[in-house]
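For reference, the structure is listed below as structure tokens.
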Amino acid sequence: MNPQGGFISFEGIDGSGKSTQARLLAATLQAQGRDVVLTREPGGSAGAEDIRKLVLEGPPDRWSPETEILLFTAARRDHLERTIRPALAAGHIVICDRFADSTRMYQGLRGPDLRAMVDKLHDLMIGQEPDLTLLIDMDPALGLARALGRQGSEERFEGFGEALQQKMRAGFLDLARAMPARIRVIDGARTPEQVAADVAQIVSVHLEQQALGSAQA
Ligand code: ADP
Ligand code: TYD
């Protein structure tokens, strides 16, 4: 954990509203006078954005799940080295739209041995978790309808359909149960303003606790 406790990630299925909420949270914290770095995965640094194009564009069978684990982890390593760690070291709050939990779900759930592979590579190459993760939870039918409403070329994963998204949703909720101190579940099937109010409340309590913890240390 970093001293300011300022590494915050958003997770959830496609179309759950992560990017919208990450933007709203960044604006709220900036309005309070805090320094914020808003970033995303895959991507968030020049090299990782290049890898993003490789993994998100093209036909669904372009990469095997094993190769995807390597590519997403390579992108994350570059993002950590070039963007996240320098920002945290400068005392900024980092808000990241997806992080390692996405690899645990999207790649880790696609075969019997893949989750163990994701975890091993994470330990070896990343070794860092967010201080707080906001899991935006909702029925995949709603998330998918929202995500498919967007136009774009990044469609490899959105083509996977509702059954896989159901599995991801259950997997994300399992992760939250396994790591309750880090992952907070938020009902995403409400207006953006209602969701944002919950996000702001959870983050404000988290940052107060962190500040109290570092003052006592
Ligand atoms: P994600 O990053 O999780 O894929 P986005 O924030 O990009 O989700 O939202 C997906 C789509 O749904 C966008 O078109 C966005 O404007 C819309 N959207 C986001 N949050 C809500 C909400 N609470 N209610 C209705 N539509 C939403
Ligand atoms: P993102 O742009 O966040 O998509 P969305 O806005 O639709 O939620 O992420 C693109 C896709 O990449 C998304 O379908 C999930 C997938 N992904 C993985 O499969 N593994 C990963 O480690 C990450 C970070 C993303």
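Heavy atoms only: backbone and side chains are in, while hydrogens, waters and symmetry mates are out. Remember, it's 1-based here, ligands and their atoms both numbered in the order they're listed.
Counting heavy atoms under 4.0 Å from ligand 2, residue Val55 does not touch it at all. Contact annotation: for Thr191 versus ligand 1, heavy atoms closer than 4.0 Å belong to the backbone alone. Neither the backbone nor the side chain of Glu68 has a heavy atom within less than 4.0 Å of ligand 2. With a heavy-atom cut-off of 4.0 Å, Arg40 does not touch ligand 2 at all.
Here the CG-CZ distance, from Leu124 to Arg77, works out to 9.0 Å after rounding to the nearest 0.5 Å. Of the inter-residue distances, the one linking Leu134 atom CG with Ser9 atom OG reads 7.0 Å to the nearest 0.5 angstrom. From Glu129, atom CD reaches atom CD1 of Ile183 across 8.0 Å, with rounding to the nearest 0.5 Å. Distance check: Asp187 CG to Asp198 CG gives 8.0 Å after rounding to the nearest 0.5 Å.
The salt bridge (charged side-chain N to carboxylate O under 4.0 Å, His left out) check on Asp78 picks up Arg82, with sequence neighbours excluded.
Distance alone, capped at 3.5 Å, is enough to place a donor-acceptor pair between the Gln194 side chain and the Thr191 backbone. Between the side chain of Glu41 and the main chain of Ala100, no donor-acceptor pair closer than 3.5 Å is present. Side chain of Thr28 to backbone of Leu24: a donor-acceptor contact under 3.5 angstrom is found.
The shortest N/O to N/O separation between Asp97 and ligand 1 does not fall below 3.5 Å. No N or O atom of Gln21 sits closer than 3.5 Å to an N or O atom of ligand 1. Not a single N or O atom of Val195, backbone or side chain, sits closer than 3.5 Å to an N or O atom of ligand 1. Residue contacts with ligand 2: Tyr106 is placed with no nitrogen or oxygen under 3.5 Å of a nitrogen or oxygen of the ligand (distance criterion only). Polar contact check, Ser19 against ligand 2: no nitrogen or oxygen pair lies under 3.5 Å apart. Here's the thing with Asp14: none of its N/O atoms is less than 3.5 angstrom from an N/O atom of ligand 1.
Under the 4.0 angstrom criterion for non-hydrogen atoms, Gly12 is not in contact with ligand 1.
Hydrophobic clustering, with ILVMFWY side chains joined whenever heavy atoms are under 4.5 angstrom apart, keeps Val205 apart from Leu25.
The Arg190 neighbourhood of ligand 1 comprises atoms 22 (C), 23 (N), 24 (N), with distances under 4.0 Å to a heavy atom of that residue. Ligand-side atoms of ligand 2 in range of Lys18: 8 (O), range being under 4.0 angstrom from any heavy atom. Close approach of ligand 2 to Arg52 is summarised as follows: ligand atoms under 4.0 Å from at least one heavy atom of the residue are 2 (O). Heavy-atom contacts of Gln107 reach the following atoms of ligand 2: 18 (C), 19 (O), 20 (N), 21 (C), 22 (O) (cutoff under 4.0 Å). Those atoms of ligand 2 that come under 4.0 Å of a heavy atom in Arg76, given as number and element, are 22 (O), 24 (C). The distance from ligand 2 to the heavy atoms of Thr103 drops below 4.0 Å at these ligand atoms: 21 (C), 22 (O). Near Leu56, meaning under 4.0 Å from one of its heavy atoms, ligand 2 places the atoms 10 (C), 11 (C), 12 (O).
Within the 6.0 Å centre-distance limit, the rings of Phe99 and Phe7 are counted as a close aromatic pair.
Of the charged side-chain nitrogens involved, none lies within less than 4.0 Å of a carboxylate oxygen, so that Glu81 and Arg76 do not count as a salt-bridged pair. With salt bridges taken as basic N to acidic carboxylate O contacts below 4.0 Å, none links Arg182 and Asp131.
Between atom 25 (C) of ligand 1 and the options Lys18, Arg146, Gln194, the minimum heavy-atom separation is to Arg146.
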